[in-house]
Amino acid sequence: MICRMGTDFQFQMALYLIAGSDESIGVKIYDKSTGKWTVPTVLGKEPKPCKGHSAVAINEDRILVIKKGATPDDCIWFLEVDTQYVREQKTIETEIVAWSKGVIGNAQKPVVISGPSGVGKGTLISLLMKEFPSMFGFSVSHTTRKPRDMEKDGVHYHFTERSVMEKEIKDGKFLEFASVHGNLYGTSIEAVEVVADDGKRCILDIDVQGARSVRASSLEAIFIFICPPSMGQLEERLRARGTETEEQILKRLCNAKAEIEQGTSSGIFDHILYNDELDECYKTLKKLLGLDGSTVANSQTAPGGIDLPVDHSVSKIDNKILINCGTPGSGEASKNLIVLDVSSLKEGAPGRTRGLDVYTVYSFSDGLNGINKLS
Ligand SMILES: Nc1ncnc2c1ncn2[C@@H]1O[C@H](COP(=O)(O)OP(=O)(O)OP(=O)(O)O)[C@@H](O)[C@H]1O
Ligand SMILES: Nc1nc2c(ncn2[C@@H]2O[C@H](COP(=O)(O)O)[C@@H](O)[C@H]2O)c(=O)[nH]1
């Protein structure tokens with residue numbers, strides 16, 4: 001294992017050391033009050049090893065890490081040391097930090113859709129995904145329930161054993177989870193990241209408990225509750241679907257009453273839609289998502305990246321990170337400065353930091369400059 005020089009950062013009572021090798025990027029914390037080094041629990045997917053890195057503290061919350069020799073979509077990372085997400089995960093026993101990948105631009109907020117079983121959530125989501133396939137991506141949940149006849153593992157759900165899912169929940173891999181109708185269901189952090197990495201807007205189909213957890217988390221989303229026109233029609237739909245046993249139908253109907261009460265009165269949801277006539281409900285859903293032609297619908301930022309030379313130097317002026325890529329050559333324009341504007345950073349899915357604005361400054365040998373905004 002070849003160890004490279006690390007970068008270190010001092011925050012009030014602690015010093016953070018980020019050290020890279022050919023195999024991994026490690027983090028250590030020096031506690032100034034005890035004089036001891038500790039290895040923290042590191043959440044999130046660790047960046048792949050690289051040919052070195054530069055790093056700058058953005059504020060007391062996070063450190064920007066710029067990987068050298070990485071692909072354009074993998075060079076900007078953040079080590080979160082005291083963000084809302086890290087604070088939420090903190091335990092008394094261990095220090096916690098989290099890796100999150102920088103996302104250029106402002107991806108649109110994920111959409112959380114909840115409602116009682118059989119109300120038509122899946123039907124409405126399928127219509128959206130069919131009409132706007134390049135815009136939306138479905139967050140594939142994990143569940144311990146058995147697959148239905150037409151359901152495919154990895155498409156409709158990640159079907160899993162309870163013991164495996166419980167271990168993964170303990171390891172911090174889930175954004176939210178809940179026991180629903182006797183089975184365990186949950187949204188893994190990865191399920192949301194996969195959609196974000198594809199440049200799409202994430203749709204989550206989760207129950208009210210799950211929606212409550214996401215509302216309390218650092219993930220900013222739009223919360224929509226779907227209500228049935230009546231309990232009688234809900235029962236008819238559940239029975240007509242023909243996917244549940246009589247016992248399961250009764251359990252789901254019994255749970256529906258409490259779900260509707262919480263969904264319509266808890267203040268978790270931004271919008272409540274009645275799914276009476278499917279066409280009408282779908283139209284209303286599209287309208288509130290800005291898909292009815294009244295706004296530019298596809299304003300999602302395509303997943304992008306920054307083409308960085310291995311040799312560069314990094315400095316910070318206020319909210320701007322300046323990446324100096326060398327001096328301009330003669331004649332042609334050369335990209336010699338990349339500016340990362342970190343003034344609008346937002347926490348995205350855990351594992352992602354959105355809102356990074358990137359400008360490249362081109363210099364010509366005659367002294368003229370040009371600016372190009374990537375996001
Ligand atoms: N507006 C509607 N009118 C009549 N039937 C509907 C309507 N919307 C959906 N359905 C039908 O109701 C049944 C249940 O719908 P769907 O499976 O989408 O519910 P769901 O809310 O996703 O349920 P679950 O939470 O159990 O997954 C389906 O057979 C669907 O075709
Ligand atoms: N809290 C969560 N609830 C979820 C998730 N995925 C699905 N669900 C909800 O479970 C019920 C039943 O679904 P079914 O497929 O068995 O009919 C339904 O209300 C879903 O919204 C999840 O990841 N987390």
Side-chain angles (χ1 to χ4, degrees), residues 110-130 138-153 155-160 165 168-169 173-192 194-195 202-217 219 221 223-245 248-260 262-263 268-269 273-285 349:
V111 183
V112 172
I113 298 193
S114 277
S117 177
V119 73
K121 303 180 294 297
T123 307
L124 289 162
I125 292 170
S126 295
L127 289 173
L128 264 186
M129 306 270 293
K130 216 167 170 184
F138 185 61
S139 156
V140 180
S141 295
H142 281 59
T143 181
T144 59
R145 97 155 153 68
K146 296 285 162 259
R148 294 174 187 145
D149 279 351
M150 301 299 288
E151 285 179 333
K152 287 202 184 100
D153 189 30
V155 177
H156 299 95
Y157 280 106
H158 297 289
F159 295 100
T160 181
M165 190 164 163
E168 289 183 348
I169 289 171
K173 293 193 175 160
F174 280 77
L175 175 63
E176 63 77 32
F177 59 92
S179 175
V180 190
H181 318 311
N183 283 299
L184 201 52
Y185 292 77
T187 309
S188 71
I189 291 168
E190 197 179 348
V192 181
V194 164
V195 178
C202 188
I203 305 186
L204 290 83
D205 174 347
I206 58 178
D207 85 318
V208 176
Q209 305 167 75
R212 192 189 295 278
S213 304
V214 176
R215 187 54 120 179
S217 79
L219 182 72
F223 294 78
I224 300 171
F225 187 78
I226 314 285
C227 235
S230 68
M231 285 305 287
Q233 292 213 32
L234 185 68
E235 180 168 356
E236 252 175 51
R237 287 179 197 176
L238 257 184
R239 289 189 185 284
R241 190 170 70 182
T243 49
E244 266 69 39
T245 62
Q248 284 162 353
I249 289 174
L250 294 177
K251 186 183 260 180
R252 285 175 182 238
L253 286 173
C254 181
N255 292 339
K257 289 196 185 107
E259 286 175 288
I260 293 169
Q262 287 174 40
I268 299 171
F269 294 93
L273 295 190
Y274 284 85
N275 184 16
D276 190 351
E277 287 301 318
L278 183 60
D279 282 358
E280 282 308 306
C281 185
Y282 181 54
K283 266 190 209 152
T284 317
L285 176 63

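One-based numbering, in listed order, for ligands and for the atoms of each.
- Residue Phe177 qualifies as open at atom CZ: its count of foreign heavy atoms under 6.0 Å is 12 or below.
- When side chains are defined from C-beta on, Met129 counts as touching Ile203, because their heavy atoms get closer than 4.5 Å.
- Looking only at side-chain heavy atoms (C-beta outward), Ser117 and Arg237 stay at 4.5 Å or farther from each other.
- Within the 4.5 Å cutoff, the side chain of Phe223 has heavy atoms near those of the Arg215 side chain.
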Verdict with supporting geometry, Glu236 and Arg239, salt bridge (charged side-chain N to carboxylate O under 4.0 Å, His left out): CA-CA 5 Å; Glu236 252 175 51; Arg239 289 189 185 284; over 6 Å; no
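- The nearest protein atom to atom 11 (C) of ligand 2, hydrogens excluded, is given as Val180 CG1, 3.8 Å; this is a heavy-atom distance.
- Nearest protein heavy-atom neighbour of atom 26 (O) of ligand 1: Ser117 OG, 2.6 Å.
- The ring of His142 has its center closer than 6.0 angstrom to the ring center of Phe174.
- Using a 4.0 Å cutoff on heavy atoms, Gly115 does not count as a contact of ligand 1.
- Across Ile226, Val214, Ile206, Ile268, a single residue satisfies side chain to side chain contact (heavy atoms under 4.5 Å, CB included) together with Ser114, and that is Ile206.
- Ligand-side atoms of ligand 2 in range of Ala178: 1 (N), range being under 4.0 angstrom from any heavy atom.
- Among all non-hydrogen protein atoms, the one lying nearest atom 1 (N) of ligand 2 is Asp207 OD1, 2.7 Å.
- Nearest-residue assignment for atom 17 (O) of ligand 2 (options Arg252, Arg212, Arg145, His181; heavy-atom criterion): Arg252.
- Proximity of Val111 to Leu128: side-chain heavy atoms (C-beta onward) are nowhere separated by under 4.5 Å.
- Annotation for ligand 2: atoms under 4.0 Å from non-hydrogen atoms of Lys121 are 19 (O), 21 (O).
- For atom 19 (O) of ligand 1, the closest non-hydrogen atom on the protein side is Gly120 N, 3.1 Å.
- Which parts of ligand 2 touch Gly210 is read off a 4.0 Å heavy-atom cut-off, strictly below it: atoms 1 (N).
- Relative to atom 3 (N) of ligand 1, the option among Arg237, Glu244, His181, Arg241 with the closest non-hydrogen atom is Arg237.
- In terms of protein heavy-atom proximity, atom 14 (C) of ligand 1 is closest to Gly118 O, 3.5 Å.
- Only the side chain of Glu176 comes within 4.0 Å of ligand 2, judged by heavy-atom distances.
- Put simply, part of Asp276 is less than 4.0 Å from ligand 1, judged by heavy atoms.
- By the criterion of a heavy-atom distance under 4.0 Å, the backbone of Pro116, and not its side chain, is placed next to ligand 1.
- Within ligand 1, the atoms closer than 4.0 Å to a non-hydrogen atom of Lys121 are 18 (O), 19 (O), 20 (P), 21 (O), 22 (O), 23 (O), 24 (P), 25 (O), numbered from 1 in the order shown.
- Atom CD of Glu190 has 12 or fewer heavy atoms from other residues, nucleotides or ligands within 6.0 Å.
- Among protein heavy atoms, the minimum distance from atom 16 (P) of ligand 1 is reached at Thr123 OG1, 3.5 Å.
- With contacts defined as side-chain heavy-atom distances shorter than 4.5 Å, the pair Leu127/Leu278 qualifies.
- Closest to atom 23 (O) of ligand 2, if we only count protein heavy atoms, is Ser141 OG, 2.6 Å.
- No side-chain donor-acceptor contact under 3.5 Å links Thr143 and Arg145.
- With hydrogens and angles left out, the side-chain atoms of His181 and Asn255 include a donor and acceptor closer than 3.5 Å.
- For the atom pair Glu259 CD and Phe225 CZ, the distance stands at 6.5 Å (nearest 0.5 Å).
- Annotation: Arg252 places an N or O atom under 3.5 Å from an N or O atom of ligand 1; distance criterion only.
- For Gln248 (side chain) and Thr245 (main-chain N/O), a donor-acceptor pair under 3.5 Å exists by modelled atom type.
- With ligand atoms numbered from 1 in the order given, ligand 1 contributes 1 (N), 8 (N) to contacts under 4.0 Å with heavy atoms of Leu278.
- Of the protein's non-hydrogen atoms, the one nearest atom 8 (N) of ligand 1 is Asn275 ND2, 3.1 Å.
- In terms of polar-atom proximity, Thr187 is counted as a contact of ligand 2, with an N or O under 3.5 Å from an N or O of the ligand.
- Considering backbone and side-chain atoms together, Glu277 places no N or O closer than 3.5 Å to any N or O of ligand 1.
- A distance of 14.0 Å separates CD1 of Ile113 from CG of Asp207, quoted to the nearest 0.5 Å.
- Near Gly122, meaning under 4.0 Å from one of its heavy atoms, ligand 1 places the atoms 18 (O), 20 (P), 22 (O).
- The nearest heavy-atom contact from the protein to atom 13 (O) of ligand 2 is Tyr157 OH, 3.3 Å.
- Heavy atoms of Gln209 come nearer than 4.0 angstrom to ligand 2 in no pair at all.
- In this structure, atom 21 (O) of ligand 2 lies nearest to the protein heavy atom Asp205 OD1, 2.7 Å.
- For ligand 2, the atoms sitting less than 4.0 Å from at least one non-hydrogen atom of Gly186 are 22 (C), 23 (O), 24 (N), numbered in the order shown with element in parentheses.
- Only side-chain heavy atoms of Arg148 come within less than 4.0 Å of ligand 2; its backbone N, CA, C and O stay farther off.
- Between Thr123 and Tyr282, every side-chain heavy-atom pair lies at or beyond the 4.5 Å cut-off.
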